[in-house]
There are 2 protein chains.
Amino acid sequence: MARTQGSHSDITGPRIRKAALALFARHGYAAVSMRQIAFEVGVQAGALYNYTPDKQSLLYRLMHEHMQDLLSAYDELEQSADASQALRQFVGFHIRFHLERPDEVFIAYMELRNLTPENFSEIEALRRKYEDTLEAILSRGQEGGVFDIADTKIATLAVIAMLNGVMTWYRAGGRLSLDEVEQVYWDIVRRSVSA
Amino acid sequence: MARTQGSHSDITGPRIRKAALALFARHGYAAVSMRQIAFEVGVQAGALYNYTPDKQSLLYRLMHEHMQDLLSAYDELEQSADASQALRQFVGFHIRFHLERPDEVFIAYMELRNLTPENFSEIEALRRKYEDTLEAILSRGQEGGVFDIADTKIATLAVIAMLNGVMTWYRAGGRLSLDEVEQVYWDIVRRSVSA
DNA sequence: GTCTATAGTAGGATAGAC
DNA sequence: GTCTATCCTACTATAGAC
């Protein structure tokens, strides 16, 4: 990993974020030192400060980019007008998007408390925005008589919590394929909100 | 908080664990120092080592006691022979038990990675044991034709994940009473597994 | 049982050479 | 842009006095 002197401004930045992502996900933000990150990248600790003003900004940027990616990716879907179809779409999207980014997801959830209050507010707002897209689907179906939901706010949180659970156990190449996982979860979600 | 010399062996131990619990839950194990804990208790850092061999043991003990309490409390329930009733019982028990101990629950979930491998294995075994009690209920109902579940293992994890979500938003004195929360979640869980 | 003091280590961040 | 060197702070854990 040792590296002699040289200029690498265009690649070092991304490598730092990649290393930080993996280390934060594995050991937790507080337990990871700037020296560890630098070691993974193959530079000295001081060099990191050419790319981030401090450790906190590194964490914030990782979380912020992840949430932006999530919202952008969802926006790019062609949303079905049919609430039931839209819900199915959401379930599949959520599971696949999150399983493709286990480290980002883990950090986005576990490291919220290590953000400064200002940074926390910004990330939290993005998370709410994402939740709102699901709640909109549930409300639409409820009003159209397709769903029968006692409390759409709780149902929103319940569905997301349930889907997030897949991250704790799913492993590629395991007992179930991704399609099967998606099918099983859709089956559970569909029942839980159906009229 | 400052305290002059004196002997308090019977009360200092519990106070240390109580302080550690609150601090670990709020800031995370890695981010909390022994000095902070000592300050909360009103002793010097060195005095903590009369009660715990090290910081790791303090974390392990908190998590272990929590899991033991959980299993004991569930064992004390008179379990209904009817699978549907048993599931309803489980939902109510899980929600109430966990909402009564937000700090313990938070730590038991978030600090798993800060346990040594040996300690992790022991806590993990207790967690599996708890999950198994729910899976037994679901399997029983499935075999009796009361439930219609594609995959009882996934359903177990999905239900627990969903119920755990309540911890992230429920606040006493909020929009919904505990009874209402329990009712809404039971409604969702019941539908999601019903034949 | 708690104190003060400290050993020994490691942390975030910066300064100046190349 | 990266290096080496370092400031200053903080940490866990221990030793010995009271």
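The structure displayed is predicted, hence computed values, not measured ones.
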Between protein and nucleotides 8-11 of chain C, what N or O pairs are separated by less than 3.5 Å?
unit_1 : atom_1 : unit_2  : atom_2 : d
C:dG11 : OP1    : A:Ser33 : OG     : 3.4

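To the nearest angstrom, C1' of D:dT4 lies 18 Å from CZ of A:Phe39. The CG atom of A:Asn50 sits 12 Å away from the P atom of C:dT14 (whole-angstrom rounding). If you take CG of B:Leu58 and P of D:dA13, they are 10 Å apart, rounded to a whole angstrom. In this entry the distance linking CZ of A:Arg15 with P of D:dG1 reads 15 Å, nearest Å. One can place CG of B:Leu48 at 9 Å from P of C:dT2, the figure rounded to the nearest angstrom. If you take OH of B:Tyr49 and P of C:dT4, they are 16 Å apart, rounded to a whole angstrom.
The salt bridge (charged side-chain N to carboxylate O under 4.0 Å, His left out) search around A:Glu124 returns A:Arg127, not counting sequence neighbours. Listed by chain and residue number, nothing satisfies the salt bridge (charged side-chain N to carboxylate O under 4.0 Å, His left out) test with B:Glu104 (two or more places apart in sequence, or in another chain). Residues satisfying the ring pair (Phe, Tyr, Trp, His ring centres under 6.0 Å) test with A:His94, not counting sequence neighbours, are A:Phe90, A:His98, A:Tyr130. Residues satisfying the ring pair (Phe, Tyr, Trp, His ring centres under 6.0 Å) test with B:Tyr60, not counting sequence neighbours, are B:His64.
Side-chain nitrogen and oxygen atoms of A:Tyr51 include at least one within less than 4.0 Å of the OP1 or OP2 phosphate oxygen of D:dT2. Between A:Thr12 and the phosphate of D:dG1, there is no side-chain N or O to OP1/OP2 separation shorter than 4.0 Å. At C:dT4, one or more side-chain N or O atoms of B:Gln44 fall inside 4.0 Å of OP1 or OP2 (strictly under the cut-off).
Set against D:dT2, C:dT2, D:dA13, the side chain of B:Ala47 has C:dT2 as its closest nucleotide.
Taking the six-membered ring where the residue is Trp, B:Trp169 and B:Tyr185 present parallel rings, their angle staying beneath 30° rather than reaching 60°.
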What pairs of donor and acceptor atoms, side-chain ones from residues 187-195 of chain B against any protein atom, are under 3.5 angstrom apart with sequence neighbours left out?
unit_1   : atom_1 : unit_2   : atom_2 : d
B:Asp187 : OD1    : B:Arg190 : NH2    : 2.5
B:Asp187 : OD2    : B:Arg191 : NE     : 3.3
B:Arg191 : NH1    : A:Asp148 : O      : 3.4
B:Arg191 : NH1    : A:Ser194 : O      : 2.7
B:Arg191 : NH2    : A:Asp148 : OD2    : 2.9
B:Ser192 : OG     : B:Val189 : O      : 2.7
B:Ser194 : OG     : B:Arg190 : O      : 2.5

